[in-house]
K.L.:
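Here it is, the structure in full.
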Amino acid sequence: MVKENRVAMPDDYIDNPIRKIGILTSGGDAPGMNAAIRAVTRTAIFYGREVVGIFHGYKGLIENNFKNLASGDVSNIIQLGGTILKTARSAEFRTVEGRDKAYQNIKNAEIDALIVIGGDGTFTGAGIFAQEYGVPIVGIPGTIDNDLFGTDFTVGYDTALNTIVEAVDKIRDTATAHERLFFIEVMGRDAGFLALNGGIASGSEAVLVPETDTDLTTLENLIKSGYRQSKNSSIVLVAEGEKAGGAFNIAKQVEQDYPQYDVRVTILGHIQRGGSPTASDRILASRLGLAAVETLLEDQKSVMVGIENDQISLVPFNKAIKYDKEMNRKLFDSIRILSS
Ligand code: F6P
């Protein structure tokens with residue numbers, strides 16, 4: 001198990017047969033992916049390994065879109081959003097033929113192992129590929145959704161959260177000026193971490209998430225009592241995967257029930273995926289990138305590296321994807337109490 005309190009030496013893993021490591025980013029991009037690419041590249045070089053950048057995720061594996069990465073290739077990228085390796089969601093990699101092509105390309109390029117950065121879709125593909133062809137693969141959690149089990153935070157989440165808070169603060173100004181009720185939709189197809197913590201940090205009146213059923217009556221009562229208690233604006237954060245039909249539908253319903261409210265909807269959209277990563281995301285990505293290389297060189301396979309309670313943790317791909325990361329239910333109460 002990788003220990004961060006050990007002093008690393010270039011000869012530490014001299015006997016490990018992995019000489020060349022491929023790295024790719026896949027699925028939705030997340031701020032901090034570049035910091036992770038930099039950390040993987042520099043760590044692998046430190047341990048005397050070669051690094052091959054694979055462009056456009058699994059699509060690039062199939063299409064042989066590779067480039068050797070030297071230390072200088074990852075200079076000056078720690079602060080950049082997006083991913084210098086590009087990303088994609090590959091339908092072909094879901095087929096046996098696609099994965100076979102990918103394996104042949106890896107073999108021809110003499111790549112011994114892979115480090116993949118992404119979310120649940122990325123790790124699902126990695127798990128299948130590793131099982132079929134025996135390629136050692138280690139994953140780094142990179143998604144703004146923070147929905148992977150086995151790590152307290154995923155790379156990109158903190159930056160997205162800060163983007164949301166900045167946007168909601170601005171909307172609050174105009175909401176207050178016009179005494180309006182805003183429904184603001186944030187990303188999170190299956191997970192409400194962005195909505196919940198974005199709601200706490202922006203002082204929102206309510207949050208609606210995919211993990212719990214939306215009760216319109218409770219929501220309406222909450223808004224009503226808020227207005228009664230001297231509030232002149234209300235903000236409700238809605239995760240895109242919320243089950244009652246999303247921000248527009250809920251807003252329509254509330255408007256019908258309470259025509260006296262001046263209701264508006266804002267969809268924050270892909271602005272949440274961009275921007276320079278926060279210090280927290282850069283640190284997280286750097287620690288995980290380093291740990292991912294050491295994990296590979298310690299002969300671990302098919303695991304995601306994470307950080308739990310400030311310690312590096314390893315979790316098998318299937319658990320990272322299938323187990324639900326628990327939401328702290330008390331935080332929903334805090335939204336209600338603190339905005340009352
Ligand atoms: O998985 C991350 C995520 O940001 C989700 O919250 C969102 O539903 C999805 O990506 C949208 O991705 P795209 O627009 O790239 O298909």
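Indexing begins at 1, ligand by ligand and atom by atom, following the structure's order.
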K.L.:
Between T87, D145, D147, which one has a non-hydrogen atom sitting closest to atom 2 (C) of ligand 1?
P.N.:
D145
K.L.:
Below 4.0 Å from ligand 1: does a non-hydrogen atom of R89 turn up there or not?
P.N.:
yes
K.L.:
Just to verify, which of I164, L208, L196 counts as forming a side-chain contact (heavy atoms from CB on, under 4.5 Å) with L237?
P.N.:
I164
K.L.:
Side chain, backbone, both or neither: which part of Q272 comes within less than 4.0 Å of ligand 1 when only heavy atoms are counted?
P.N.:
neither
K.L.:
Answer yes when E205 and R172 have at least one side-chain N-carboxylate O distance shorter than 4.0 Å, and no when they do not.
P.N.:
yes
K.L.:
Kindly indicate whether a cation-pi arrangement holds for K319 with F149, taking the cut-offs as under 6.0 Å to the six-membered ring centre and within 45° of the axis.
P.N.:
no
K.L.:
Are side-chain N/O atoms of E294 and T43 paired as donor and acceptor at under 3.5 Å?
P.N.:
no
K.L.:
Under 4.0 Å from any heavy atom of E240, which atoms of ligand 1 are there?
P.N.:
5 (C), 6 (O), 7 (C), 8 (O)
K.L.:
Determine whether any heavy atom of G188 lies closer than 4.0 Å to an atom of ligand 1.
P.N.:
yes
K.L.:
Between S276 and R282, is any side-chain donor less than 3.5 angstrom from a side-chain acceptor?
P.N.:
yes
K.L.:
Against heavy atoms of I144, which atoms of ligand 1 measure under 4.0 Å?
P.N.:
4 (O)
K.L.:
Could you check, using the six-membered ring where one of them is a Trp, whether F183 and F248 have ring centers closer than 6.0 angstrom?
P.N.:
no
K.L.:
Check each of R273, H270, M187 against atom 14 (O) of ligand 1 and report the one with the nearest heavy atom.
P.N.:
H270
